[in-house]
Amino acid sequence: MNEFEKQYQELLDFLEFGDFSILTKRIIDLTLDTENIEHYKKTIDFLKWLDTNENNSEGKKEKYQTVLTDLHTTLSKKPVVEKNILVSAKDIVKSYGISRFSLGSINMELKQGEILGLVGENGNGKTTLLRLLCGELFASQGNLKYHFDYDDAYDLRTKLVYIPQRTDTWYGSMFENLQFTAASYGYKPEENELLVELIISRLGLRKFRNFEWKSLSSGYKMRFELARMLLRKPKLLLIDEPLANLDILAQQTVLEDFKAIAKSPFRPIGIVLSSQQLYEVEKTSDQVIFLKNGQQKNLHNTISVNPEKQELNTENFLIVEFESSWSQKELGELFEKSNMISLQFNGGTYIVTFPESLTIYDFMNIISNNQVPILYFRNISNSTRRFFVS
Amino acid sequence: MFTKIQKYLLINHPLLWNTKIVPALCFAILFHILFFVIGYVYGNVDFTDENYYRSDFSTGVIIFFSILITILFFVVWFVYYFRNNAYKSLYRLSNLYLYKEWLIIFLVCFLNITYSISFLSGKTLKERSYYSKEEVDKRGRTILMASVFIDGSYDYENVAVADSVGKIVFNKKKYQQNSLMNKSFDYYYGSFTETNNDEIKVKTWMQNDNQAEIKKLMNDYFLLIKEHNLKTNLTANQWFELTYNYPDFTNYERIGRRMEDVTEFFKDNANQNIYKHYLPQNALISSYSQLSKAWNDPIIETGTLLILLYVSIAMAMLVYAFKVTTGRNWLIALVSIGILWIITGILAAITNSEIVFMCFWLSIIVLTSIYFFSVISNNKGKNFSGIALNLILWCISGFLPLIFGLVSEYYNNPKSIVVAGQIKHTNTPQYEWLNDNATLLSWINILIIMAIMYFISIYIKKWKALAES
């Protein structure tokens with residue numbers, strides 16, 4: 001079963017459980033994957049039908065099934081793209097001069113369909129790394145290589161779409177702006193409007209098509225940037241703090257969108273995103289790079305970081321974050337018995353570190369057996385959260 | 001309809017949509033037609049008007065309004081044009097894209113600064129529509145030939161020659177200085193070539209007492225008066241009787257050139273009215289001067305066209321530079337160029353040399369170009385190349401003229417030689433050639449700018465891909 005068939009099976013599950021909202025989005029994704037005007041037209045007709053038949057649940061299910069089958073017939077004949085390496089960085093350093101901030105060295109590798117999360121506190125080099133990867137800055141040292149075809153430096157940069165945290169203002173109607181992008185990228189006149197229509201529907205922007213930029217919330221501005229990005233057919237999307245200023249629901253939706261966009265079986269792209277939302281990013285990303293003072297620490301990394309630069313190899317320790325009404329002394333005395341390595345009080349929460357011989361179940365047993373009052377706990381052994389703990 | 005066209009352009013020709021070429025062209029065409037019509041109405045010749053040059057004030061007002069409309073147009077156009085920038089957004093562009101954009105900006109600039117040309121063309125065409133060139137010449141000659149019998153100045157140097165006792169000699173015959181044989185011709189713009197022959201012709205008729213020709217001339221003059229409904233208190237016969245006094249032509253009545261000459265009672269030394277009769281000579285001279293000018297001048301002067309083309313190029317460069325760099329770079333470049341002008345002014349004042357001025361600006365163009373292209377080839381960040389690019393774009397039009405200027409100065413070697421007793425100023429053939437062909441060189445320069453912009457546009461695209469820092 002190839003990647004497409006797996007994803008298609010997921011869609012059938014959504015249909016079975018009546019999860020129409022996400023199913024609609026994924027149907028648009030598949031429609032875009034077809035790159036076929038007839039399918040664009042059919043899906044737009046389907047969306048119009050949905051607008052007037054919101055409560056027709058039986059008819060809806062049938063209609064969804066028909067559209068899905070139709071798309072499956074077309075896409076099952078299309079070859080699934082092999083996931084190649086897009087970009088690799090070897091010991092890249094960006095230095096702003098002596099005694100000023102320096103980023104790196106950074107080692108990374110990103111394939112098509114992968115999402116790389118950049119986390120770290122403010123001022124630690126996340127934006128610098130994104131700007132390096134998109135060609136807006138040049139590396140002082142090291143080797144940055146893009147593993148896809150491009151004619152010249154300008155052509156390369158058209159394939160690396162960088163969305164900064166503060167995006168430029170769009171002037172005029174949003175729809176026209178997107179049509180202009182589509183036309184600039186050579187989409188045929190007959191598919192231009194259909195395509196833009198589908199993309200704004202995919203990102204939930206239909207009712208904002210004629211809005212002014214200033215009247216949009218930052219979340220919707222981000223979505224319009226994503227819509228534009230989709231029209232630009234990039235190889236790599238680099239996006240700075242996409243979750244900033246979004247409520248938790250919007251964050252999850254945006255991340256889900258990133259996942260769907262990146263992992264298209266037919267048009268996969270690489271995404272590098274920076275964020276302060278550790279857990280959300282970790283859930284979505286295939287790799288996470290933690291940056292502290294410009295230095296790289298990887299989670300789930302496939303590229304090994306220079307071991308000499310690791311302060312302490314805590315790779316296999318059990319690290320748990322929790323909140324309790326007990327004092328540090330009480331907790332310390334309790335965990336000492338289980339060979340606790342450290343216990344830190346970190347802004348209302350405790351971080352306890354145990355040797356690798358302990359598991360999360362042992363921690364739960366300790367808590368349960370001693371009836372320790374606890375509000376929540378999270379195993380952060382495999383989270384970049386542990387890098388924030390000194 | 002506009003919306004439909006714009007929508008079509010948006011999805012078929014995004015550059016044309018972005019530059020708002022259709023609304024800009026429609027606006028320009030509409031105002032060109034409007035100014036042409038105003039010019040055409042304004043070209044109405046008032047044959048009773050005695051001084052049409054007074055109307056140049058109104059022409060100035062209309063040209064002022066054309067400039068005002070141009071400014072208003074550009075403000076609105078900029079607002080819409082700068083809304084989208086495919087180049088700054090790093091959209092996929094062909095190598096020709098930026099060049100086409102520059103050409104469009106140039107076209108829009110040219111069309112919107114040339115309203116005055118449409119106005120003047122309309123005016124000239126209306127003036128030409130009255131009579132053919134031959135007819136205007138014929139009538140003009142009648143007016144000028146008849147001027148011998150209307151009050152005016154006396155000529156001592158033209159066709160008659162004064163002898164040693166102060167008498168006037170014409171065809172070997174002597175006349176008094178106050179003789180009509182010594183009366184000078186009226187003239188107007190464009191009439192000079194034929195005037196001398198006509199003057200000799202009329203005065204020969206007078207000398208030979210060819211009354212039939214003189215009467216015919218006066219009758220022709222009166223036909224013009226009648227055709228244009230002009231006022232006079234004479235008839236052709238009376239005019240002949242009062243002024244024609246063969247053989248000496250000294251006993252004649254002075255005929256006024258306008259009604260006011262009679263009504264305002266110009267007195268002579270004996271407190272007598274100088275003028276009792278008048279002819280509308282001033283009005284005829286004025287109106288036929290206007291018609292003659294319309295036929296003798298080209299509809300569009302080459303010099304004016306060249307100036308407007310260079311102004312359009314300069315404007316296009318300013319707009320284009322703003323579009324392809326940043327507002328910050330553009331402003332810094334503007335300040336830099338101001339400072340460079342001050343330095344040039346000081347240098348020119350100290351050295352009192354045009355060569356220093358030319359060498360200075362040529363060096364700036366060459367050095368900024370070297371810097372700009374070295375930044376592109378080094379690929380290590382843009383640094384100050386955005387400012388350099390602005391300077392290159394603004395100064396490139398002057399590159400060849402500066403070289404021509406320097407070459408011209410190099411060959412400038414003026415000499416004064418005596419040829420047949422007269423001092424003649426000469427220079428080297430190369431200098432003379434450059435001087436004589438300045439207009440041709442200006443045209444060639446425009447073509448070269450067009451070609452250079454094609455290559456610069458390709459490099460501007462390469463430059464955009466460079467890292468910022």
Side-chain angles (χ1 to χ4, degrees), chain A residues 94-97 128 131-140 144 150-164 167-196 212-213 225 228-229 231-234, chain B residues 3-20 23 76-98 100-101 324 326-327 375-383 385 457-469:
Chain A
K94 179 64 188 174
S95 171
Y96 288 97
T128 304
R131 293 180 71 199
L132 268 172
L133 291 173
C134 80
E136 214 177 271
L137 299 175
F138 67 87
S140 316
L144 183 62
Y150 53 89
D151 299 333
D152 54 25
Y154 186 91
D155 187 42
L156 169 65
R157 288 200 63 183
T158 64
K159 292 175 178 173
L160 310 171
V161 173
Y162 170 55
I163 304 177
T167 53
D168 286 339
T169 305
W170 293 20
Y171 297 97
S173 107
M174 298 298 104
F175 198 80
E176 273 189 354
N177 270 279
L178 293 173
Q179 282 198 298
F180 176 62
T181 309
S184 300
Y185 274 78
Y187 287 101
K188 291 175 197 150
E190 57 270 25
E191 69 178 321
N192 185 304
E193 188 156 349
L194 298 169
L195 190 67
V196 174
E212 292 280 318
W213 183 255
E225 285 291 356
R228 181 160 74 156
M229 179 278 298
L231 291 164
R232 295 179 64 179
K233 303 185 213 169
Chain B
T3 321
K4 272 189 180 172
I5 294 172
Q6 282 298 91
K7 200 171 168 63
Y8 170 81
L9 291 179
L10 172 59
I11 57 175
N12 288 279
H13 306 285
L15 175 61
L16 297 183
W17 175 82
N18 182 209
T19 48
K20 311 292 178 225
V76 176
W77 185 62
F78 288 158
V79 167
Y80 284 95
Y81 171 47
F82 290 130
R83 276 182 167 188
N84 301 86
N85 193 338
Y87 163 81
K88 272 191 188 168
S89 303
L90 287 163
Y91 288 176
R92 203 176 294 163
L93 307 175
S94 72
N95 275 346
L96 266 177
Y97 184 95
L98 288 175
K100 284 185 202 163
E101 187 161 2
V324 297
T326 61
V375 164
I376 290 180
S377 58
N378 285 343
N379 197 15
K380 286 284 176 193
K382 288 191 174 97
N383 298 323
S385 55
S457 297
I458 292 171
Y459 278 96
I460 288 173
K461 196 176 145 212
K462 285 183 197 285
W463 172 79
K464 178 66 189 168
L466 295 182
E468 294 300 321
S469 58

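Below, read A as the first sequence line, B as the second, and so on, with proteins coming before strands; counting in each chain starts at 1.
Within the 4.5 angstrom heavy-atom criterion, no atom of B:Ser94 approaches chain A. Contacts of A:Thr181 with chain B are made by both backbone and side-chain atoms, with heavy-atom separations under 4.5 Å. With a 4.5 angstrom heavy-atom cutoff, A:Lys94 touches chain B only via side-chain atoms. Within the 4.5 angstrom heavy-atom criterion, atoms from both the backbone and the side chain of B:Leu93 approach chain A. Of the atoms belonging to B:Lys88, not a single heavy atom falls under 4.5 Å from chain A.
Between B:Asn12 and A:Pro189 the shortest heavy-atom distance is OD1-CG, 2.9 Å.
No donor-acceptor pair under 3.5 Å is formed between the side chain of A:Arg157 and the backbone N or O of B:Tyr91.
Contact count versus chain B (heavy atoms, under 4.5 Å) is highest, among A:Phe180, A:Tyr187, A:Tyr171, for A:Phe180. The candidate with the highest count of non-hydrogen atom pairs below 4.5 Å against chain B, out of A:Glu193, A:Arg232, A:Lys233, is A:Arg232. Contact count against chain A (heavy-atom pairs under 4.5 Å) is highest for B:Lys380 among B:His13, B:Lys7, B:Lys380, B:Glu468.
Contact annotation for residues 457-464 of chain B against chain A (heavy-atom separation below 4.5 Å, listed by residue number): B:Lys461, B:Lys464.
When the shell of 6.0 Å around CZ of B:Phe82 is examined, it contains more than 12 heavy atoms from other residues, nucleotides or ligands. Within a 6.0 Å sphere centred on CD of A:Glu190, heavy atoms belonging to other residues, nucleotides or ligands number more than 12.
Residue A:Ser184 holds its OG atom at 12.0 Å from CG of B:Leu90, rounded to the nearest 0.5 Å.
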> Between B:Ser89 and A:Arg228, does a side-chain contact (heavy atoms from CB on, under 4.5 Å) hold up when you go through it step by step?
Replying inline: CA-CA 11 Å; B:Ser89 303; A:Arg228 181 160 74 156; 3.8 Å; yes
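A salt bridge is defined here as a Lys NZ or Arg NE, NH1 or NH2 lying under 4.0 Å from an Asp or Glu carboxylate O, and B:Arg83 with A:Glu176 fails to meet this definition.
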